[in-house]
There are 2 protein chains.
Amino acid sequence: MSSVSQTSTERLASGERIPAAERREQILAAASRVFGERGYAGATTDQVAQAAGISQPYVVRMFGSKENLFVEVLERALDKLMTVFRTVIEESAAADETTDQRSARLGAAYADLISDRGILLSLMQAFTMGHEPTIGKVARDGFLAIYSLLRTEGRFTADHVVDFLAHGMLFNTLIALRMTDGIDDNALVSELVACTFGAKLDTVLDAVARAHP
Amino acid sequence: MSSVSQTSTERLASGERIPAAERREQILAAASRVFGERGYAGATTDQVAQAAGISQPYVVRMFGSKENLFVEVLERALDKLMTVFRTVIEESAAADETTDQRSARLGAAYADLISDRGILLSLMQAFTMGHEPTIGKVARDGFLAIYSLLRTEGRFTADHVVDFLAHGMLFNTLIALRMTDGIDDNALVSELVACTFGAKLDTVLDAVARAHP
DNA sequence: GTCTATAGTATGATAGAC
DNA sequence: GTCTATCATACTATAGAC
């Protein structure tokens, strides 16, 4: 009864030794949440360690430095985004959908992905760090890779991609601001939110309710 | 020859006593830059003090706490934005312009305002802090006040305002990412930047060149 | 209105045992 | 693969002089 039916949380609590690859993902997921809520500078390696259920020096040991940990968190978020978009584009192409249909599917997939606040906020943090030599370059290259994916594989016009990205950035802002919390109290808020998310509103509200009930 | 022809920088260097109101604005301008570049948590009150040419304890003394200093920086940025938008709307109404003309003017005014990286980045930092009780509320209320201004005094439809804000958020992202720096080296970057900023491209590039030559 | 000195705390990273 | 102990540094905020 030692390892077969245990969840990774149970294994964490028991002080068990876990393969490095699995531990890495645990730490990255925890770091994503912590960096998202506190910002790059505000997050501490100790908070990440506690969220992952291990010791602070082990976090530093495994990733070399706090900066490098953030870079890996960012790359993980960008990877997930690229993978989701690529999948949607392939499915859409296979189904011979119109540009508008593809765009709507991508928007829904994006709304779904950023319902993980850690991913959303880590990306937003990175966007404010263009002046940092290392992190800034990763963020720029990642943003550009997404533009490139939509433009070429997605076969959108430049105008269309820019429009798509613009609305994505507004999604980000409203969710990060927790603007969706005031939706019942204020007519202006609910108009703004409804109009921004359109058909994706339910996805978003469900995710918000799950994140902070 | 003591005070008549001196710039405020000269007066700073000379250790002169300066009225509180003027000092406040000096500190807020400095804090806007520092908070923008390093983030709320990453910025230190000492960095702000040095940027303003005064001592660290005096910064704390004058604003009570680091958090309160950030709130005032944020409110200053939001005030400037509201003032600029209100002015443009009034001018546009007086000239009987169309909705599209008003929208273009507002976009140009916005591009001009956020060419102050301090303002741009302090706003973006605040947008990631929706979960902070004090700062989050100021940020939400500020965002909503802008929506309200455009919707009512600006007489735009909800869809129009959302579209305007969405493109504004993409402006923010590209400038903060310093994406404009790679405009000469990469065809995809220059396409993205050109298509995002359109006629406002020159304003933006000029501002960037002034900010980090 | 502005400074110096400093208390009290928290941080990232390293050393080294198991 | 993981921990405990710890160093060196840096931070906000207060006290109190001028």
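This is a predicted model, so every value here is computed, not measured.
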Closest contact, heavy atoms only, B/A211 versus B/R117: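 Looking at all heavy atoms of both residues, the closest pair is CB-CD, 4.5 Å.
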A/S32 and A/R76: which non-hydrogen atoms are nearest, and at how many Å?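 A/S32 and A/R76 have their closest heavy atoms at CB-NH1, 4.0 Å.
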Separation of [N] [atom2] from [X] [atom1] (nearest whole Å):
| X | N | atom1 | atom2 | answer |
| --- | --- | --- | --- | --- |
| A/R24 | D/dT2 | CZ | C1' | 16 Å |
| B/I54 | C/dC3 | CD1 | P | 6 Å |
| B/Q50 | C/dT2 | CD | C1' | 16 Å |
| A/M62 | C/dA13 | CE | C1' | 16 Å |
| A/F70 | C/dA13 | CZ | C1' | 20 Å |
| A/E22 | D/dT2 | CD | C1' | 15 Å |
| A/I27 | D/dG1 | CD1 | P | 11 Å |
| B/R61 | C/dA5 | CZ | C1' | 14 Å |

Contacts under 3.5 Å, N or O only, protein and nucleotides 8-12 of chain D:
unit_1	atom_1	unit_2	atom_2	d
D/dT12	OP1	B/T45	N	3.3
D/dT12	OP1	B/K66	NZ	3.3
D/dT12	OP2	B/T45	N	3.0
D/dT12	OP2	B/T45	OG1	3.0

When you get a sec, tell me which of C/dG1, D/dC3, D/dG16 is the closest nucleotide to the side chain of B/Y58?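 Out of C/dG1, D/dC3, D/dG16, the nucleotide with an atom closest to B/Y58's side chain is C/dG1.
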Between C/dT2, D/dG1, C/dT4, which nucleotide has the shortest distance from any of its atoms to the side chain of B/R17?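 Nucleotide nearest to B/R17's side chain: C/dT2.
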Assign the ring pair [X] / [Y] to parallel, tilted or perpendicular, where the plane angle (0 to 90°) is split at 30° and 60°.
| X | Y | value |
| --- | --- | --- |
| A/F171 | A/F197 | tilted |
| A/F35 | A/F70 | perpendicular |
| B/F127 | B/F143 | perpendicular |

Would A/R23 and A/Q26 satisfy side-chain contact (heavy atoms from CB on, under 4.5 Å), going step by step from the backbone distance to the final call? CA-CA 5 Å; A/R23 216 22 136 196; A/Q26 282 173 358; 2.9 Å; yes
Counting only heavy atoms from other residues, nucleotides and ligands, does the tally under 6.0 Å from CZ of A/R38 exceed 12?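 No - once you tally the heavy atoms of other residues, nucleotides and ligands closer than 6.0 Å, there are 12 at most.
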Would you sort out whether B/L201 and B/T180 count as a side-chain contact (heavy atoms from CB on, under 4.5 Å), showing the intermediate values? CA-CA 10 Å; B/L201 188 56; B/T180 45; 5.7 Å; no
Under the 3.5 Å Watson-Crick or G-U criterion, the dot-bracket string of DNA chain C, with | for inter-strand pairs: ||||||||||||||||||
Which pairs, with at least one residue in residues 126-138 of chain B and sequence neighbours excluded, count as a salt bridge (Lys or Arg N to Asp or Glu O under 4.0 Å)?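 Matches after skipping sequence neighbours: B/K137-B/D141.
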With a 4.0 Å limit, can you tell me whether A/R23 has a side-chain N or O closer than that to the phosphate oxygens OP1/OP2 of D/dT2?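 So the side chain of A/R23 is within the cut-off, an N or O lying under 4.0 Å from OP1 or OP2 of D/dT2.
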